[in-house]
2 protein chains.
Amino acid sequence: MKKENSPQETLTTKERIFEASVNLFSQKGFDAVSMREIGREVGIRESSIYNHYKNKDAILENIINHLIDELGAISFTDEEMDALISESPELFFETGSREFFNGMSNPKTEKIWRILSIEVFHNEKIKTFFVNELLESPINEWEKIFTKMMKKGIIKEYDPRVLAREYFSFALYLFFEYFILKYDTKYSSFTDMAYNKMIDHTNFILKTVKIESNDNSNHKKS
Amino acid sequence: MKKENSPQETLTTKERIFEASVNLFSQKGFDAVSMREIGREVGIRESSIYNHYKNKDAILENIINHLIDELGAISFTDEEMDALISESPELFFETGSREFFNGMSNPKTEKIWRILSIEVFHNEKIKTFFVNELLESPINEWEKIFTKMMKKGIIKEYDPRVLAREYFSFALYLFFEYFILKYDTKYSSFTDMAYNKMIDHTNFILKTVKIESNDNSNHKKS
DNA sequence: GTCTATACTCTGATAGAC
DNA sequence: GTCTATCAGAGTATAGAC
């Protein structure tokens, strides 16, 4: 929809304001960044920003919507899900994890998640977005998935709500560990920090609930 | 160390500033509260606050230290732990959970945790405190505990580090759900929201790793 | 200890010349 | 579209009278 690969010089001023704001907000937080600072970064006066954005909040709004658009683009159909579940639960979890990580792993997207993590307390829209996208809808989705798996005889009977929470809470833990507590430290990306831990987690869950077929290759040690 | 139960009128001005700041910061965040506002709440001019605290940061510092002192007061000796583990893993988990919840459940402590959750991005000291108290030291502790349980033959062999993360990550998930996303909603306290979920979680973990004695009372349904 | 008064800095935002 | 100039308001903090 937008030209993405164009060199820096061909970006419109509005786009340059957007980029500069994402960088500054993700480093310092929304309140700590002034319009003057954004202007300085872009190379224009702060008053000129108001030709492109109504006010400072409109920049943040724009950033949030950018992420929402991006997340809306990736999703599974029920049929794809069904096929995957039937084929192999391991593969399904792997694909699900990959989808989750893809939604937060490119550098720009990571910065936006970071901004939202910082501003979740100060902005009602961000809070609602978080509660929906990170708490409620994923857990509801996973509840459905686990229910389906039980019906298919792939996993043992267990309260699917509890199972969904057991599974997804770990992803949230990783999210908070990275974006709130460990951002700007030794890790180069969310995937870098979290992916292997998520694999360990999936194995742990499967160990408990999976119904073994005739293959007993469970005791792997590295 | 301090008189706690004295009626409001007998608090010193410094204490009243402390109380007012905890209330205001936990509702609006540190930056959003002005010295004028604190003064108004206490009933003095903002300039008078500087007779009791060097500056605004000193108030926050005081609040953080209050929590650190409080947390330092509750802890287990290795002997107590050993005795509990040997007696019953269920009881041990229950006691451990209760300790965790006690550290964040009285109304004043909850408010302080909320303040810290809001300010974790803007304050390096708070971030370090969080990383130590909520991420690293608990997971290290639980790793030791699970190792001990394995040696005693109470739980099955498994990577104790992974197990520690599996167990404690859920507590962190609950912490973030409450203090960051759901504070000021339908729940009256952290315990109110989280305790039953934590029990479900403990049961799930035990289901996977516990070595059953001769009793098979695992299939309870409500 | 608290007050008034004041200093100073920074913020987001607007008006109007070019 | 960008500039200069300017605004009102809020922020922390200090000095000195009482």
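Heavy atoms only: backbone and side chains are in, while hydrogens, waters and symmetry mates are out. The shown structure was predicted, so the numbers you read here are calculated from the model rather than taken from an experiment. Numbered from 1 within each chain, the chains take letters A, B, ... in sequence-line order.
- Legend: residues meeting side chain to side chain contact (heavy atoms under 4.5 Å, CB included) with Ile68(A), ordered by chain and number and at least two apart, are Ile64(A), Asn65(A), Phe129(A).
- The distance from atom CZ of Phe100(A) to atom OG1 of Thr191(A), rounded to the nearest 0.5 Å, is 10.0 Å.
- When rounded to the nearest whole Å, the span between CD of Glu15(B) and P of dG1(C) equals 12 Å.
- Residue contacts shown for Ser48(A) include a base, since a base heavy atom lies under 4.0 Å away.
- Nucleotide dT9(C) holds its P atom 23 Å from the CE atom of Met35(A), rounded to whole Å.
- Rounded to whole Å, atom P of dG12(C) lies 11 Å from atom CZ of Arg40(A).
- The residue Val42(A) sits apart from the nucleic acid: no heavy atom pair falls under 4.0 Å.
- Interatomic distance, CZ of Phe176(B) versus CD of Glu177(A), reported as 9.0 Å (0.5 Å rounding).
- Taking the centre and axis of the six-membered ring of Tyr53(A), the NZ or CZ atom of Lys14(A) falls inside the cone set by 45° and 6.0 Å.
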Between the protein and nucleotides 15-18 of chain C, are there any N/O to N/O pairs under 3.5 Å, and if so, what are the atom names and distances?
none

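- Residues in residues 32-43 of chain A take part in these side chain to side chain donor-acceptor pair (under 3.5 Å) pairs, two or more places apart or across chains: Lys28(A)-Glu37(A).
- With dC3(D), dC3(C), dT6(D) as the candidates, the nucleotide lying closest to the side chain of Arg36(A) is dT6(D).
- Ion pairing between a basic and an acidic side chain is recognised when a charged N comes within 4.0 Å of a carboxylate O; Asp200(B) and Arg165(A) show such pairing.
- Rounded to whole angstrom, the span from the CD1 atom of Ile44(B) across to the P atom of dC3(C) amounts to 6 Å.
- Rounded to an integer number of Å, the gap from Asp31(A) CG to dC10(C) P is 17 Å.
- Remark: C1' of dA5(C) and CD of Glu46(B) are 11 Å apart, rounded to the nearest angstrom.
- In this structure, the side chain to side chain donor-acceptor pair (under 3.5 Å) partners of Glu90(B), at least two apart in sequence or on a different chain, are Lys210(B).
- Note: Trp142(A) and Phe93(A) have parallel aromatic rings, judged against thresholds of 30 and 60 degrees for the angle between ring planes.
- Checked by atom type and distance alone, the side chain of His201(B) never pairs as donor or acceptor with a backbone atom of Glu166(A) at under 3.5 Å.
- Among the nucleotides dT14(C), dC3(C), dT12(D), the one closest to any side-chain atom of Tyr50(B) is dT12(D).
- Checking Asn106(A) against Thr109(A) by side-chain atom types alone, a donor-acceptor pair falls below 3.5 Å.
- A heavy-atom distance below 4.0 Å to DNA chain C is reached by none of the residues of residues 23-30 of chain A.
- As a whole-Å value, the separation of Ile49(B) CD1 from dT4(C) P is 14 Å.
- Shown for residues 53-61 of chain B: residues whose heavy atoms fall under 4.0 angstrom of DNA chain D, namely Asn55(B), Lys56(B).
- Ile38(A) has its CD1 atom 8 Å from the P atom of dG12(C), to the nearest Å.
- His66(B) has its ring centre less than 6.0 Å from the ring centre of Phe18(B).
- Separation of the Phe175(A) and Trp113(A) ring centroids falls under the 6.0 Å cut-off.
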